[in-house]
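Naming convention: chains lettered A, B, ... in sequence-line order (proteins, then strands); numbering from 1 in each chain. Quick caveat: nothing in here was measured; it's all calculated off a predicted structure. What you see below is based on every heavy atom in this structure, not just the backbone, and it leaves out hydrogens, waters and symmetry mates.
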Amino acid sequence: MLLLQLLKYKRFIRIIMQYNFNAIEAKWQKKWAKQKPFQAKQPAELTEQKPPFYVLDMFPYPSGAGLHVGHPLGYIASDIYARYKRHKGFNVLHPQGYDSFGLPAEQYAIQTGQHPAKTTEVNIKRYREQLDKIGFSFDWSREVRTSNPDYYRWTQWIFIQLFESWYNQETDKAEPISNLIQLFEKHGNIQVNAASDEDVETFSAEVWSAFSDHKKEAILLQYRLTYLAETEVNWCPALGTVLANDEIVNGISERGGHPVVRKKMKQWSMRISAYAERLLQGLENLDWTESLKESQRNWIGKSVGAQLRFKIENFESFIEVFTTRPDTIFGVSFMTLAPEHELVAKITTPEQKEQVEAYIKAASLKSERDRMADVKSITGVFTGAYAEHPFTKEPIPIWIGDYVLAGYGTGAVMAVPCGDQRDYDFAKYFNIPIPNVFKDVDISEKAHADKDHTIIANSDFLNGLNAKEAIAKAIEKLEKISAGTGKTNYRLRDAVFSRQRYWGEPFPVYYVDGLPKMINEKHLPLQLPEINEYLPTEDGAPPLGRADFWAWDTKNNKVVDNKLIDHKTIFPLELNTMPGWAGSSWYMFRYMDAHNNSGIALSEALQYWKNVDLYIGGSEHATGHLLYSRFWTKFLNDLDVLPVEEPFKKLINQGMILGESAFVHRLKDSNTFITADLIEGKETQPIHTDVSLVNFSNELDIEGFKNWRPEFQDAKFITDENGKYIVSREVEKMSKSKYNVVNPDDICEDFGADTLRMYEMFLGPLEQAKPWNTAGITGVHNFLKKLWKLYHNGDKFEVSGQSASKESLKTLHKTIKKVTEDIENFSFNTSVSTFMICVNELTQQKCNSKEILGPLAVLISPYAPHIAEELWEKLGNENGISEANYPVYEEKYLKEDNKTYPISFNGKMRFTLDLSLDLSKDEIENAVMQDERTQKQLEGRTPKKVIVVPGKIVNIVG
RNA sequence: GCUCGGAUGGUGGAAUUGGUAGACACGUUGGACUUAAAAUCCAAUGGCCAUUAUGGCCGUGCGGGUUCAAGUCCCGCUCCGAGUACCA
């Protein structure tokens, strides 16, 4: 009896003394929350000199689904780096927040009537709980939420600054619109070199002063960095809303399957194109991956060429075209206009009218995406009109075709079929001549698009020149006869900034006589109004059209009842809201001083933190978010609000963690399921099953499966000879619909956050996509148990004060060296291996010296912070481990006297030989040649050559 | 089509300037402890051949090349992934 009790007691002790990760992690998370050791210091609060370092994750959209194990991957990496930098003596800014405006919350509101603010709040709470369980060292005192009025107040403020600015191409920066007005008053707009709409009329100073205020405003709008413009959108009349390209499938809406038409709408746009060249040049100095920079370069799409004017016969109009190949000007055999081109209606001859109109109608029904997708079929119509060749004066037929895009360049091309495959195909199809302007090039099969090894022929004054010379010469001649000029074109288009949605930032804009006016920034934020339903109105206005209180009283500077609108002092407010990328384009600067209400942040703080040193996030934002935030940063830099030109110095894209889906196989037309080994030769249908119903050996919990969904209640199972039902596995994207989601909460519960953190890193290189496999986690978990044991003797915490053995010091210092290098290179997977090797070796050495175990705890704390804190505390330290200095690697401990040389014969390693590193080349050679194994290998032959690389290898040839 | 990645055991991956390929784990197999299981510990584990130990051959997607030496460098392909696309 007594013995039994004693046994039970011993077991109890073992449990409490063993690595009890749940208790340890809860304890430290509570302490961190209370003591806030991870708060970054503002420059004024610094008591000692510490360099700043800013580590940022792309903030999440708090979706209702919560986090799965793929989401924290980047956060773990950045957290390791942030903790490491703190150990290294940096004042680290490592904040987190939420991109909390967005479509899913609104969609949910439409379905349930719940206010998006409420569901967002609930989701954020859940996110926060999940994040806290993983033990991140975020400075939550700086949390931002884009949907918070204190935050979007400044998003609105930035919008106003953009409205009040124009882009001066002389100074190459944004300037106040008041400067522009002064220029107009002095010189009109003739000498102004500004980024503007294409169709601005020219006027002199006198003409300008004579304009009405209304007219002046309308003209200024064509220069402002954010402006209202007619933009083509995908309009779905049935849904009463505008759809994004990917919400449309085959010309009908994905949701509901309603027809979609292309329609012009007045919308806010951002004149990002003004920054195209700077956005391109700025990439040079960024520490981003080449592929990411390449995506941005492609997106900006710079092309150098010429803009040409072709006179239209019998009209006083010209067709403007952009070409990169003015050298092929003599190869033009027709012109093609986009169906939407404004001249089409004017120049079409009566005979061709019917055909042309039918073609335009058909094209308008196709979405832009459909038009792009359908590259194969060649369509087009002749307008009946002709243009005049600028040099030969020959007539050139003018066609329309939807392979020419209205939105790029001038929406018209000079078609040179011998040099462009699309023009070539078009010409072949419609039997248009294909003149050849290349010397000794066969164009009977396909066009010759090569620029580099080409001599121009049949081209008057360009004959005999290579392409480069011919381009320069052609531009020179064109300029002489005023038929064209050299020009650089960018693919980057101005970004539409209006959304017909509720859950986004309201524009601080009201309308007077149809022209937009800004609310004075003193009266921001303009808060989202309450509405009863989150749908567009019956007459197709955006959801804000439902608000009863949505008018601006300019006398009292407040929002008032719509009934009071008199268009004298009370005006209607803008009904659109801003897109998702508005708030995310500047949030990285808000963290620098998150609660400031005098500006986006205090300028001292902006000056101190500058920009993000390390930014980690998904590659899906390569061209959207990362381009827009660079744009806003450059703009705010022009205004001297920000001291930097770029928001993110270094950027890493973490790879996706994929799920391992599990499939059961149902025999065709039955409710019988067959185990994976027996499906061969049978007609089966694979069905996703929830991975939580499958154990590590791929064995299905049959009862659980039956209860999982009602239709499987009566399912029959054909099992293997052991009575087990085995599922098949496949690696897919982790998603709810594939039932392969693994929740980090469960992992933390079963193995601990430290295990989760290390395992996610251990899976493979950060930037690579890799499958999640929960079975493998035991390796990392065992490692942490072994680590724990190093500091304990049986049940007792026990470390010795005695100095460590030479061996252990060597183990420690080689670990410091490798782990430090790995962190600096973001090679976290290899540092986890290094820790494993280290702990294995120290265990072997029976090392329990404080001299080793102290630094080891610090070394590992960025990766496994909870266990490290616990051990650190047990080691008798009063301050938290995050305040500890990072161990310093000392070479002396690694110094080797001997090297185990691999001895190769003809490049193949045959044996190893321990030799002193002090030996000279000759001495090494002698030692090797004297070894009996060498003689055995040579079998009496004399080596032709012996290669000795001291410290590395010996290779004997012969 | 174009651009950028990638291909190494049964699996995830390692090999940082060309120098012992497969570190570290998972999995598998065998063993110890236990009444038993779990946990833990020990051993083996790229393939093939041979064995008393010692060994031998093959091997980093495929075909060539450079080199004393190639997963690593060069040339030509194949396949996979991501992004992008009628951009004139």
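Remark: Glu620(A) CD is packed, more than 12 non-hydrogen atoms of other residues, nucleotides or ligands lying under 6.0 Å away. By the 6.0 Å contact criterion, CD on Gln421(A) is enclosed, its count of non-hydrogen atoms from other residues, nucleotides or ligands being greater than 12. Annotation for Glu891(A): atom CD does not count as buried by contact number, only 12 or fewer foreign heavy atoms lying within 6.0 Å.
Ion pairing between a basic and an acidic side chain is recognised when a charged N comes within 4.0 Å of a carboxylate O; Lys302(A) and Glu277(A) show such pairing. Salt-bridge check for Lys738(A) with Glu660(A): failed, with every basic side-chain N at 4.0 Å or more from each acidic carboxylate O.
Between Thr830(A) and C24(B) there is no side-chain N or O to OP1 or OP2 distance below 4.0 Å. Considering only side-chain N and O atoms, Arg910(A) lies under 4.0 angstrom from the phosphate OP1 or OP2 of C57(B). Under 4.0 angstrom from either OP1 or OP2 of C87(B) there lies no side-chain N or O belonging to Lys302(A). One finds no side-chain N or O of Arg491(A) lying less than 4.0 angstrom from the OP1 or OP2 phosphate oxygen of U84(B). Distances shown here put every side-chain N or O of Asn906(A) at or beyond 4.0 Å from the OP1 or OP2 atom of A69(B).
The CG-P distance, from Leu784(A) to A25(B), rounds to 13 Å in whole Å. The distance from atom NZ of Lys818(A) to atom C1' of C24(B) is 11 Å, rounded to the nearest whole Å.
Between C87(B), U3(B), U20(B), one nucleotide has an atom nearer to the side chain of Glu294(A) than all others, and that is U3(B). Among A85(B), C4(B), U20(B), the nucleotide with an atom closest to any side-chain atom of Trp299(A) is A85(B).
Here Lys786(A) pairs with nothing under the salt bridge (charged side-chain N to carboxylate O under 4.0 Å, His left out) rule; sequence neighbours left out. Asp914(A) is linked by a side chain to side chain donor-acceptor pair (under 3.5 Å) to Thr900(A), counting only residues two or more places apart in sequence or in another chain. Residues satisfying the salt bridge (charged side-chain N to carboxylate O under 4.0 Å, His left out) criterion with Asp822(A), sequence neighbours excluded, are Lys818(A). Looking at residues two or more places apart in sequence or on another chain, you find no salt bridge (charged side-chain N to carboxylate O under 4.0 Å, His left out) involving Lys921(A).
Taking the six-membered ring for Trp and thresholds of 30 and 60 degrees, Tyr19(A) and His781(A) have ring planes inclined between 30 and 60 degrees apart. Classified by interplanar angle (parallel below 30°, tilted 30° to 60°, perpendicular above 60°), the ring pair Tyr759(A)/Trp772(A) is perpendicular. In this structure, Phe826(A) and Phe828(A) have perpendicular ring planes: the angle between them is above 60°, well past the 30° mark.
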Atom pairs, protein N/O to nucleotides 38-40 of chain B N/O, distance under 3.5 Å:
| unit_1 | atom_1 | unit_2 | atom_2 | d |
| --- | --- | --- | --- | --- |
| U40(B) | OP1 | Asn782(A) | OD1 | 2.8 |
| U40(B) | OP1 | Lys785(A) | NZ | 3.4 |

Distances for protein N or O near nucleotides 28-34 of chain B N or O, under 3.5 Å:
none

Review item, nucleotides 8-12 of chain B N/O atoms under 3.5 Å of protein N/O:
| unit_1 | atom_1 | unit_2 | atom_2 | d |
| --- | --- | --- | --- | --- |
| G12(B) | O2' | Leu763(A) | O | 2.6 |

Please list each protein N or O that sits under 3.5 Å from an N or O in nucleotides 43-50 of chain B, with the distance.
none

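For the C1' atoms, the distance from G56(B) to A37(B) is 45 Å, rounded to whole Å. Rounded to whole Å, the separation between the P atoms of A43(B) and C48(B) comes to 24 Å. C24(B) and A15(B): their C1' atoms are spaced 12 Å apart (whole Å). Remark: the separation of the P atoms in A14(B) and A25(B) is 15 Å, to the nearest Å. Across G22(B) and C26(B), the matching C1' atoms stand 15 Å from one another, rounded to whole Å. Between G9(B) and G5(B), the two P atoms lie 23 Å apart (nearest whole Å). Comparing G76(B) with A88(B), their P atoms sit 26 Å apart, to the nearest whole Å. For the P atom pair drawn from U16(B) and C73(B), the interatomic distance equals 11 Å after rounding to whole Å.
Taking the six-membered ring for Trp, Phe21(A) and Phe751(A) have ring centres at least 6.0 Å apart.
A donor-acceptor distance shorter than 3.5 angstrom exists from the side chain of Thr383(A) to the backbone of Ile398(A), with no hydrogens or angles considered. A donor-acceptor pair is defined here as one N or O able to donate and one able to accept, closer than 3.5 Å; no such pair exists between the side chain of Tyr429(A) and the backbone of Tyr424(A).
Summary of the strand contacts: Phe322(A) and Glu290(A) both lie near RNA chain B, and taking for each the nucleotide with the nearest heavy atom, the more 5' one is attributed to Glu290(A). Mapping Leu292(A) and Thr834(A) onto RNA chain B by nearest heavy atom places Leu292(A) closer to the 5' end of the strand.
Phe905(A) is listed as a side-chain neighbour of Phe911(A), based on a closest heavy-atom distance under 4.5 Å. Within the 4.5 Å cutoff, the side chain of Arg630(A) has heavy atoms near those of the Gln296(A) side chain.
Exactly one of Ile816(A), Leu787(A), Leu856(A) qualifies for a side-chain contact (heavy atoms from CB on, under 4.5 Å) with Cys838(A). That residue is Leu856(A).
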Which atom pairs, one a donor and one an acceptor, fall under 3.5 Å between side chains of residues 409-418 of chain A and the rest of the protein, sequence neighbours left out?
| unit_1 | atom_1 | unit_2 | atom_2 | d |
| --- | --- | --- | --- | --- |
| Thr410(A) | OG1 | Glu320(A) | O | 2.6 |
| Thr410(A) | OG1 | Ala412(A) | O | 3.4 |

Could you give the side-chain donor-acceptor pairs of residues 326-338 of chain A under 3.5 Å, partners two or more places apart or in another chain?
| unit_1 | atom_1 | unit_2 | atom_2 | d |
| --- | --- | --- | --- | --- |
| Asp327(A) | OD1 | Arg325(A) | NE | 3.1 |
| Asp327(A) | OD2 | Arg325(A) | NE | 3.3 |
| Asp327(A) | OD2 | Arg325(A) | NH2 | 3.0 |
| Thr328(A) | OG1 | Arg325(A) | O | 2.8 |
| Ser333(A) | OG | Pro433(A) | O | 2.9 |
| Thr336(A) | OG1 | Tyr403(A) | OH | 3.2 |

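Side chain Lys952(A) to base U17(B): no donor-acceptor pair is found below 3.5 Å.
Taken together, the paired segments of RNA chain B that extend over three or more consecutive Watson-Crick or G-U pairs, each closer than 3.5 Å at both contacts, are B:1-7 with B:78-84, B:10-12 with B:24-26, B:27-32 with B:40-45, B:46-49 with B:55-58, B:61-65 with B:73-77.
More than 90° away from 0 lies the glycosidic angle of G65(B), which makes this nucleotide anti.
Scanning residues 415-425 of chain A for heavy-atom distances under 4.0 Å to RNA chain B yields Arg422(A).
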